[in-house]
Amino acid sequence: MFLMRDMLPRAAAFLILHKPRQLLRSLSTALPASLKVLCSEGRLGEAVVEMALLGTGMKFDGYDAILNVCVDRRALAEGQRVHSHMIKTCYAPPMYLRTRFIVHYVKCGRLVDARRMFDEMPLRNVVSWTAIISAYSQQGRASEALCLFLEMARSEIKPNEFTFATILTSCTGFSGFQLGRQVHCLLLKSGFGAHIFVGSSLLDMYAKAGKMHEARGIFECLPERDVVSCTAIISGYAQLGFDEEALELFRQLQREGMDSNYVTYASLLTAIAGLAALNHGRQVHSHILRRQVPSYVVLQNSLIDMYSKCGRLSYSRRVFDDMLERSVISWNAMLVGYGKHGMGREVVDLFSLMRKENKVKPDGVTLLAVLSGCSHGGLEERGLELFHEMVNGEGKVEPEIEHYGCVVDLLARSGQVEAAFQFIQNMPIEPTAAVWGSLLGACRVHSNVEMGDVVGRKLLEIEPENAGNYVILSNLYASAARWEDVRNLRELMKEKAVIKDPGRSWVDIDQMLHSFHASDRAHPRREEIFAKVRDLSTRLKEAGYIPDLSCVLYDVDDEQKEKILLGHSEKLALAFALIATSEGAPVRVIKNLRICVDCHTFAKLVSKVCWREISIRDKNRFHHMVGGRCSCGDYW
DNA sequence: GTAGGGTTAG
């Protein structure tokens with residue numbers, strides 16, 4: 001009050017001292033800085049003081065002005081004072097202001113307050129309904145958002161384009177997909193189906209449900225395209241692993257003049273990472289730098305991942321180190337990168353740094369990255385220690401089935417196959433096929449046939465359709481010369497009509513991806529490639545290579561088996577890479593599945609006999625082969 | 001006033 005007195009004209013000062021009631025009435029005109037001016041200048045604190053002074057003098061305009069500043073600033077405390085001021089002065093806010101309050105509470109993360117405001121509304125319109133639905137949707141509470149939508153439909157308020165865009169986002173993912181289809185039908189009747197926001201959330205919903213054909217159809221029918229709809233369709237392909245399609249569509253849309261922003265590039269980099277197309281990735285990176293696309297955390301995370309999946313961890317680390325701000329995903333991407341390259345020491349060190357910095361809280365993915373990093377990097381004991389620390393210690397992470405799977409891996413890898421078996425039996429969660437699968441892999445490496453027999457049978461019960469399991473079990477039986485079991489296994493596999501996942505390997509040479517499937521004869525240089533494979537086979541045999549026929553589960557003679565083995569896609573890709581690159585140059589091969597034992601042995605020997613550094617990225621990790629040895633230590 | 005696409009893991 002005293003401060004204000006100095007600022008006020010003499011007449012107003014007189015009023016403060018002698019006629020306060022009169023003053024209140026005249027304040028809005030008498031004060032040089034009225035409530036509206038304060039609000040337009042963003043002087044929220046002073047505005048709140050003036051609101052208190054105005055008392056019942058506050059009208060719609062005043063509340064509107066002050067609430068707008070609160071919404072912009074996400075000023076929770078001030079908003080609450082406005083709210084209680086209304087209650088105290090018995091002001092009944094109109095629908096518009098109540099809706100603004102909902103938005104304000106949502107922006108401050110106060111879903112409960114928003115909902116209370118909504119529930120207390122005597123009348124609601126489509127905007128208030130959409131605001132509360134979007135509140136639940138943004139918090140990831142899709143089913144509640146959907147319930148509210150149905151309630152809205154019952155109350156005979158017609159959804160508008162905002163409502164449809166919101167609700168379709170909530171239907172994203174498999175669980176809401178059926179309802180999403182119904183919303184789609186409603187949409188067709190409403191006339192909002194061609195709206196660009198509605199259209200892009202609709203196509204995104206179909207894409208995330210794995211229905212790319214429908215998503216593409218919707219995309220093609222959009223009356224106009226913008227950066228969001230283009231990004232949605234590209235990321236749809238990328239997330240489903242249709243990396244080449246994503247890349248091709250990006251090129252096409254770019255030719256047609258599409259706008260790109262950091263989200264577009266992040267999605268594009270996902271596809272490039274999947275293909276391990278390093279040259280494309282570098283090109284995109286320099287394009288981003290040249291165009292001065294803002295380096296948002298999301299985009300930098302994508303770059304870290306892209307370089308790591310392309311085998312360039314030092315580039316990943318450079319991006320990571322240059323970041324001004326890092327999210328948990330940045331740390332996870334870097335940790336996963338080290339892990340996949342078998343660099344256990346670096347995983348442990350980086351994780352220590354993360355804890356020391358203490359800016360970002362580790363999550364379930366961090367735990368996964370650390371455990372699998374220790375496992376791939378041969379730090380079994382450290383991995384088990386960290387598991388116990390993270391699960392029991394401060395800021396603990398709730399372990400899920402994948403984490404238990406990693407522990408099984410750690411135990412089994414360190415040779416404690418029995419302990420791993422015990423661990424599975426005592427887990428608080430039902431083991432999945434993946435958990436048994438990693439134990440079976442361990443039994444193969446440690447040649448523990450008895451245990452492998454038990455585990456393999458369990459696995460074939462749970463997952464009879466997975467051909468990989470039959471192959472590993474066959475490797476195991478063969479190593480113990482249990483040919484009868486190998487034969488039975490082959491019969492069983494025939495009976496269960498297992499269709500093998502189509503294996504595919506490729507190499508990236510001069511920005512061209514050369515892709516091969518088993519016994520592929522499509523490549524223009526096929527004759528040279530097959531000749532090279534045969535030549536390698538001869539040379540490797542002199543160096544001790546014995547084809548592992550137990551990797552073939554077809555009922556054919558041994559000569560035929562050997563031919564099938566030589567046709568494996570990774571051998572074709574490797575042979576092509578050798579003839580397409582100069583003598584002594586390192587070679588990089590990418591495979592969509594796990595590499596088989598025979599191809600692993602073959603490639604290791606190639607690295608020795610041909611004096612080449614070979615890196616093979618399979619589904620799980622990188623295999624760096626030099627002089628006949630592999631960074632995985634023959635455990636994968 | 002209320003709305004759409006994104007990064008790690010599986």
Side-chain angles (χ1 to χ4, degrees), chain A residues 64 67-68 71 94-104 106 124-135 137-138 152 159-170 172 192 195-205 207-208 215 219 222 225-236 238-239 259-270 273 296-306 308-309 316 319-320 326-337 339-340 362-373 400-403 405-406 432 434 619-620:
Chain A
D64 185 33
L67 194 50
N68 275 332
V71 174
M95 192 175 352
Y96 173 89
L97 282 182
R98 292 179 197 259
T99 307
R100 287 301 281 161
F101 265 112
I102 294 175
V103 174
H104 169 67
V106 171
R124 300 167 187 138
N125 64 5
V126 60
V127 180
S128 34
W129 275 103
T130 307
I132 194 71
I133 291 171
S134 127
S137 170
Q138 279 167 35
M152 170 184 173
N160 65 10
E161 65 271 38
F162 289 79
T163 327
F164 278 119
T166 306
I167 207 65
L168 285 167
T169 313
S170 285
T172 291
F192 291 121
H195 187 277
I196 180 121
F197 277 37
V198 181
S200 37
S201 46
L202 189 64
L203 82 83
D204 186 55
M205 181 193 78
K208 295 224 169 75
F219 179 72
L222 287 176
R225 289 169 181 173
D226 65 1
V227 61
V228 175
S229 49
C230 290
T231 306
I233 190 79
I234 292 169
S235 97
Q239 280 167 5
D259 247 356
S260 306
N261 63 16
Y262 77 105
V263 183
T264 324
Y265 290 116
S267 302
L268 181 65
L269 286 168
T270 305
Y296 293 115
V297 176
V298 168
L299 185 50
Q300 290 169 310
N301 292 346
S302 278
L303 284 167
I304 293 174
D305 184 53
M306 182 274 291
S308 120
K309 286 190 175 142
S316 296
V319 175
F320 180 85
R326 300 184 189 101
S327 67
V328 66
I329 294 179
S330 326
W331 291 94
N332 291 349
M334 200 65 232
L335 288 166
V336 167
K340 292 217 174 199
D363 65 3
V365 180
T366 319
L367 179 56
L368 211 59
V370 171
L371 296 179
S372 84
E400 288 169 43
I401 187 69
E402 290 82 7
H403 302 115
C406 281
T432 55
K619 198 163 173 263
N620 286 343

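Note that these values count all heavy atoms, side chains included, but never hydrogens, waters or copies made by symmetry. Keep in mind that what you see is a predicted model, and the values were worked out from it rather than measured.
Using a 4.0 Å heavy-atom cutoff across all strands shown, A:Asn160 reaches at least one base atom of the nucleic acid. Heavy atoms of A:Ile196 sit under 4.0 angstrom from at least one base atom. Among the heavy atoms of the strands lying under 4.0 Å from A:Thr270 are primed sugar atoms or P, OP1, OP2 only; no base atom is included. A:Val71 comes within 4.0 angstrom of nothing in the nucleic acid, heavy atoms only. Residue contacts shown for A:Met95 include a base, since a base heavy atom lies under 4.0 Å away.
Remark: A:Asn261, A:Tyr262, A:Val263, A:Thr264, A:Ser267 in residues 261-269 of chain A come within less than 4.0 Å of DNA chain B through at least one heavy atom.
Considering only side-chain atoms of A:Tyr96, the nucleotide from B:dG1, B:dT2, B:dG5 that sits closest is B:dG1. Minimum atom distance to the side chain of A:Thr231 is reached by B:dG5, of the listed B:dG5, B:dT8, B:dA3. Taking every side-chain heavy atom of A:Thr99 into account, B:dG1 is the closest of B:dG1, B:dT2, B:dG4. Closest contact between the side chain of A:Asp305 and the listed nucleotides B:dT2, B:dT8, B:dA3 involves B:dT8. Checking B:dA3, B:dG5, B:dT7 against every side-chain atom of A:Ser235, the shortest atom distance belongs to B:dG5. Picking from B:dT2, B:dG5, B:dG10 the nucleotide with the shortest atom distance to the side chain of A:Glu402 gives B:dG10. Distance from the side chain of A:Asn125 is smallest for B:dG1 among the nucleotides B:dT2, B:dG1, B:dG6. Comparing B:dT8, B:dG1, B:dT2 against the side chain of A:Val336 picks out B:dT8 as the nearest. For A:Ser200, the side-chain atoms get nearest to B:dG4 when compared with the rest of B:dG4, B:dG10, B:dT2. With distances taken from any side-chain atom of A:Arg100 to the nucleotides B:dT2, B:dG6, B:dT8, the minimum falls on B:dT2.
B:dT8 atom C1' lies 12 Å from atom NE2 of A:His403, rounded to whole Å. Atom-to-atom, CZ of A:Arg98 to C1' of B:dT2 comes out at 18 Å; the value is rounded to the nearest Å. As a whole-Å value, the separation of A:Asp204 CG from B:dG4 C1' is 8 Å. Atom CG of A:Leu299 and atom P of B:dG5 are 18 Å apart (whole Å). A:Met205 has its CE atom 14 Å from the P atom of B:dG6, to the nearest Å. Atom CG of A:Asn301 and atom P of B:dT7 are 10 Å apart (whole Å). Nucleotide B:dG4 holds its C1' atom 12 Å from the CD atom of A:Gln138, rounded to whole Å. Taking atom CG on A:Leu335 and atom C1' on B:dT8, their separation rounds to 10 Å, with Å as the unit.
Neither side chain, A:Ser308 nor A:Asp305, offers a donor N or O lying under 3.5 Å from an acceptor on the other.
Contact annotation: A:Lys208 reaches the phosphate of B:dG6 (side-chain N/O to OP1 or OP2, under 4.0 Å). Between A:Ser134 and B:dA3 there is a side-chain polar atom (N or O) within less than 4.0 angstrom of OP1 or OP2. When the side-chain nitrogen and oxygen atoms of A:Gln239 are compared with OP1 and OP2 of B:dG5, none of them lie within a distance under 4.0 Å. For the pair A:Lys309 and B:dA9, the criterion of a side-chain N or O lying under 4.0 Å from OP1 or OP2 is met.
Taking the side chain as every heavy atom from C-beta outward, A:Leu269 and A:Leu303 approach each other to under 4.5 Å.
Side-chain atoms of A:Ser201 stay outside donor-acceptor range of the base of B:dG4, with no qualifying N/O pair under 3.5 Å.
Residues forming a ring pair (Phe, Tyr, Trp, His ring centres under 6.0 Å) with A:His403 (at least two apart in sequence, or on another chain): none. Residues passing the ring pair (Phe, Tyr, Trp, His ring centres under 6.0 Å) test with A:Phe219, sequence neighbours excluded: none. Considering only residues two or more places apart in sequence or on other chains, A:Phe101 meets the ring pair (Phe, Tyr, Trp, His ring centres under 6.0 Å) condition with A:His83. With sequence neighbours excluded, the residues that form a side chain to side chain contact (heavy atoms under 4.5 Å, CB included) with A:Val103 are A:Val71, A:Arg100, A:Lys107, A:Ala131. Shown here are the ring pair (Phe, Tyr, Trp, His ring centres under 6.0 Å) partners of A:Phe192, two or more places apart in sequence or in another chain: there are none.
A distance-only check finds no donor-acceptor pair linking the side chain of A:Ser229 to the backbone of A:Arg225 [under 3.5 Å].
Remark: of the listed residues A:Ser201, A:Ser134, A:Ser137, A:Ser137 is the sole one forming a side chain to side chain donor-acceptor pair (under 3.5 Å) with A:Ser170.
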